[in-house]
*Asks:* 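The structure follows.
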Protein chains: 2
Amino acid sequence: MTRRVTMRDVARAVDMSPMTVSRALRGDETVNAKTRGLIKQVADDLGYVYDSTAQAFRTQKSGFVAVLLPSINNANFAETFRGLSNALTGDGLQLLLGSTNYRVEKEEELVGQLLTRNPEAIILMGGHHTAAARKILENAKIPVIEIWDLPPDPLGHVVGFSNADAAALIVEHLARQGRRKLAFVGASAGADLRGGSRREGVLATAAALGLPPVEVIDAGEAPVSMRHGAAVIAERDRAIAEFDALVCVSDPVAFGALNECRRLGINVPDDLAITGFGHFDVAVVSSPRITTVSVHAAEIGLRAAGVLRDVFAGKSDPQWIDVGAELILGETS
Amino acid sequence: MTRRVTMRDVARAVDMSPMTVSRALRGDETVNAKTRGLIKQVADDLGYVYDSTAQAFRTQKSGFVAVLLPSINNANFAETFRGLSNALTGDGLQLLLGSTNYRVEKEEELVGQLLTRNPEAIILMGGHHTAAARKILENAKIPVIEIWDLPPDPLGHVVGFSNADAAALIVEHLARQGRRKLAFVGASAGADLRGGSRREGVLATAAALGLPPVEVIDAGEAPVSMRHGAAVIAERDRAIAEFDALVCVSDPVAFGALNECRRLGINVPDDLAITGFGHFDVAVVSSPRITTVSVHAAEIGLRAAGVLRDVFAGKSDPQWIDVGAELILGETS
DNA sequence: CCGCAAACTGTTACCGATAACATGTTACCG
DNA sequence: CGGTAACATGTTATCGGTAACAGTTTGCGG
């Protein structure tokens with residue numbers, strides 16, 4: 001178990017001080033070009049590996065950005081993460097990913113854990129947190145960005161959209177088509193907060209438009225997926241056609257419902273309209289295409305990265321960015 | 001800009017040495033229970049946040065495990081990541097995720113970057129790496145696990161399956177059904193190495209079974225998605241039905257092709273069989289269900305975590321785990 | 001009341017890089 | 001040839017925990 005190679009070792013090998021090695025390896029121009037080349041060469045030969053931990057410790061800058069998502073297993077969340085990642089790795093930042101499984105208590109726990117790593121910023125999906133988590137975040141004295149939502153009482157910066165307003169787009173569209181008897185399909189109330197906002201948006205808009213009360217169908221615990229959407233239909237069989245339209249909390253759920261309808265011989269959209277949410281690939285490629293709402297997932301990641309760049313450049317006043325949402329007409333409504 | 005609260009500060013507050021604070025906060029039994037409680041209380045009151053960076057630096061144990069995936073935006077890869085994550089966060093390990101965008105050069109770069117963080121292990125998807133990356137990894141003296149493949153010349157541990165053999169299952173099935181004129185739809189040769197192995201498996205098996213040469217259709221640069229699958233059909237219109245079967249590199253591609261066929265009035269499976277790969281939700285929920293191969297993505301993550309636990313417990317002899325693959329019959333073949 | 005173990009707490013040095021400051025060396029000017 | 005700027009390198013202290021070792025106190029048997 002030989003000790004690791006350090007700058008000290010490289011310095012000894014070239015008969016110089018560790019400080020010069022440090023400078024040379026960072027490409028500091030004040031070190032003579034020839035010396036710089038030599039040091040890099042020797043470091044390579046010795047198999048020297050830079051120690052970011054030591055650097056983070058000494059400079060008190062970790063180069064980490066913490067990101068908390070409900071789940072990584074969601075094409076839209078993954079898209080946001082990718083946007084962030086692409087934008088930030090260029091700046092030498094490394095993302096620390098945590099998955100809350102749609103639970104604020106888990107989020108609180110992860111916030112605590114991740115803050116011990118001294119991240120330079122933290123990005124949270126959603127605007128709802130435990131009181132303890134809020135307190136920790138306020139004390140942390142690092143930039144906080146809440147995404148995918150427009151929280152009434154933000155912790156710092158915001159890059160998101162109104163889930164309720166986006167859901168309203170769907171209901172208004174259905175009402176224009178003359179659909180009156182709606183059902184909303186989503187996860188059990190509680191965990192999925194963005195889904196909950198969408199549900200509230202649907203109920204409120206329907207009421208405002210004078211439609212009959214919207215039936216709320218519980219598809220199971222979050223995260224709800226294609227299979228849940230299919231199961232909702234399978235359980236109710238043709239009785240589902242008593243509704244005019246099924247407003248699903250996400251495209252995968254809508255897709256599951258749509259395909260189960262096909263199996264049962266329920267005609268979409270003639271017997272029943274189905275709408276999704278999120279503008280996932282599956283909504284676009286599906287035949288028929290699913291009516292949905294685009295939420296600009298990748299853009300949220302990019303814009304959040306932009307906010308961070310601003311903050312690191314000194315512009316620390318809180319930003320509030322609404323990326324909006326957009327109705328995408330398909331063939332299922 | 002007040003200095004951060006350290007153990008030293010807590011120690012001063014309770015009039016004890018930092019060492020006792022350190023022990024107390026870690027729950028060391030040798031510290032008097034009452035003292036321990038007091039210290040935790042005071043630490044909380046002062047808003048003390050433990051510094052993992054300092055710990056990692058002092059103990060030379062980072063608590064990181066590096067994970068390199070081609071993309072996070074793939075339900076199966078995400079599933080593997082989730083399996084890993086769930087299994088390892090219990091052990092206090094934090095995953096460092098890197099995305100190679102299906103390129104070995106990018107992998108090499110990321111390996112270099114991530115190793116500077118002193119990960120305690122590194123997990124790579126795939127068995128093909130640049131020579132430089134191999135060298136770095138061999139010198140790193142940390143456990144290496146290659147997943148999702150069975151590399152001929154492994155760097156360390158292996159948890160995967162044979163993509164070629166899995167692809168063979170599909171071709172054998174199609175041959176049994178009397179399909180002879182096959183086309184393979186995948187990403188352009190080069191980047192997607194797992195896809196390449198599948199292609200080779202398809203070509204070799206077809207040849208071995210005496211089928212006519214398999215046409216290789218290039219769906220575009222990796223990663224290929226639903227849209228690429230749809231585009232392949234759209235470009236060729238009804239001419240695609242000259243084939244007996246379309247062997248797609250993944251379920252999303254198959255799904256895209258299937259739905260575009262529906263648009264064009266091509267009957268699947270009567271006019272054309274379509275098969276996927278990966279046993280994604282979309283294959284199961286789709287109507288018709290897509291014939292595919294299950295690759296046990298989550299299990300790969302779990303088993304890899306198991307390997308790590310073994311290694312950290314001292315059992316360092318290289319493990320070779322073949323999780324296998326399984327033909328899943330659908331309604332598209 | 002001595003001796004010794006058990007229970008608890010303290011001291012010192014160190015992990016590897018680098019900011020801040022100091023020093024040495026060369027080059028060029030009047 | 002003295003003086004000074006420009007360039008190149010070195011010294012020292014430090015970031016916040018913790019391993020290893022070193023006390024100190026208490027309790028109890030003999």
Side-chain angles (χ1 to χ4, degrees), chain A residues 1-40 42-43 46-64 92 113 115-120 141, chain B residues 1-40 42-43 46-64 92 113 115-120 141:
Chain A
M1 202 59 174
T2 55
R3 214 178 36 68
R4 77 179 287 148
V5 180
T6 72
M7 282 190 181
R8 210 168 222 82
D9 299 317
V10 178
R12 238 191 306 271
V14 298
D15 195 30
M16 297 215 147
S17 78
M19 196 62 232
T20 305
V21 175
S22 173
R23 284 195 267 250
L25 293 181
R26 277 179 291 163
D28 188 329
E29 297 280 338
T30 70
V31 175
N32 182 295
K34 215 192 295 179
T35 313
R36 233 157 49 207
L38 172 70
I39 289 178
K40 282 183 180 158
V42 171
L46 294 179
Y48 169 73
V49 178
Y50 186 79
D51 188 337
S52 292
T53 306
Q55 180 201 38
F57 178 54
R58 166 68 238 229
T59 62
Q60 297 293 87
K61 291 190 60 186
S62 64
F64 287 129
Q113 281 177 22
L115 284 181
T116 71
R117 298 280 183 185
N118 292 319
E120 301 186 32
K141 293 189 287 195
Chain B
M1 200 60 175
T2 55
R3 214 178 36 69
R4 76 179 285 147
V5 180
T6 72
M7 282 190 181
R8 211 168 220 83
D9 300 318
V10 179
R12 238 189 308 271
V14 296
D15 195 29
M16 297 217 149
S17 77
M19 196 64 235
T20 303
V21 175
S22 172
R23 283 194 269 251
L25 292 180
R26 277 179 292 163
D28 189 328
E29 296 281 337
T30 70
V31 174
N32 183 296
K34 214 190 299 179
T35 315
R36 231 157 52 207
L38 171 70
I39 290 178
K40 281 185 181 158
V42 171
L46 293 179
Y48 170 73
V49 177
Y50 185 80
D51 187 338
S52 292
T53 305
Q55 180 201 38
F57 178 54
R58 166 66 238 228
T59 62
Q60 297 293 87
K61 290 189 60 184
S62 63
F64 287 129
Q113 280 177 21
L115 283 181
T116 71
R117 298 281 184 183
N118 292 319
E120 301 186 31
K141 295 190 287 193

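Predicted model, so just to flag it, every value in this text is computed and none were measured. Proteins get letters first, then strands, A, B, ... in listed order; numbering begins at 1 in each. Computed over heavy atoms, backbone and side chain alike; hydrogens, waters and symmetry mates excluded.
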*Asks:* So which atom in Y48(A) and which in L25(A) form the shortest heavy-atom distance, rounded to 0.1 Å?
*Replies:*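 What the structure gives for the nearest pair is CE2-CD1, 3.5 Å.
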*Asks:* Respond yes when some side-chain nitrogen or oxygen of Q55(B) is under 4.0 Å from OP1 or OP2 of dT18(D), and no when none is.
*Replies:*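 Result: yes.
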*Asks:* Rounded off to whole Å, could you give me the CD1-to-C1' distance for the I39(A) and dA17(C) pair?
*Replies:*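 It is 14 Å, rounded to the nearest whole Å.
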*Asks:* Hey, does L46(B) have a side-chain heavy atom less than 4.5 Å from the side chain of V10(B)?
*Replies:* yes
*Asks:* Considering residues at least two apart in sequence or located in another chain, which fulfil the side-chain hydrogen bond (donor to acceptor under 3.5 Å, both in side chains) criterion with S52(B)?
*Replies:* T116(A)
*Asks:* Any salt bridge between D9(B) and R4(B), counting N to O under 4.0 Å?
*Replies:* no
*Asks:* dA27(C) pairs with which nucleotide, Watson-Crick or G-U wobble, both distances below 3.5 Å?
*Replies:* dT4(D)
*Asks:* Rounding to a whole Å, what distance do you find between R58(B):CZ and dC15(C):P?
*Replies:*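 From R58(B) CZ to dC15(C) P: 8 Å.
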*Asks:* Just the rounded figure in Å: distance from C1' of dA17(C) to CZ of R117(B).
*Replies:*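 That distance rounds to 14 Å.
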*Asks:* Please work out which residues in residues 8-35 of chain A have a non-hydrogen atom less than 4.0 Å from an atom of DNA chain C and list them by number.
*Replies:* M19(A), S22(A), R26(A)
*Asks:* Can you tell me the distance, in whole Å, between the NZ atom of K61(A) and the C1' atom of dG16(D)?
*Replies:*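 Rounding to the nearest Å, NZ of K61(A) and C1' of dG16(D) are 19 Å apart.
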*Asks:* Whole angstrom is fine here: how far is it from OH in Y50(B) over to C1' in dT18(D)?
*Replies:*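 That distance rounds to 8 Å.
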*Asks:* Taking atom C1' of dA17(C) as reference, at what distance in whole Å does atom CZ of F57(B) sit?
*Replies:* 7 Å
*Asks:* So, does Y48(A) get its side chain near the phosphate of dG16(C), meaning an N or O under 4.0 Å from OP1 or OP2?
*Replies:*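 For dG16(C), neither OP1 nor OP2 has a side-chain N or O of Y48(A) closer than 4.0 Å.
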*Asks:* Figure out the CG/P separation between D51(A) and dC15(D), and round it to whole Å.
*Replies:* 18 Å
*Asks:* Taking only N and O in the side chain of Q60(B), is any of them less than 4.0 Å away from OP1 or OP2 of dA19(D)?
*Replies:* no
*Asks:* Taking C-beta and beyond as the side chain, do R117(A) and F64(B) meet within less than 4.5 Å on heavy atoms?
*Replies:* yes
*Asks:* Would you verify whether the NZ or CZ of R26(A) falls within 45 degrees of the ring axis of Y50(A) while also being under 6.0 Å from that six-membered ring's centre?
*Replies:*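 Not satisfied by the 6.0 Å and 45° rule.
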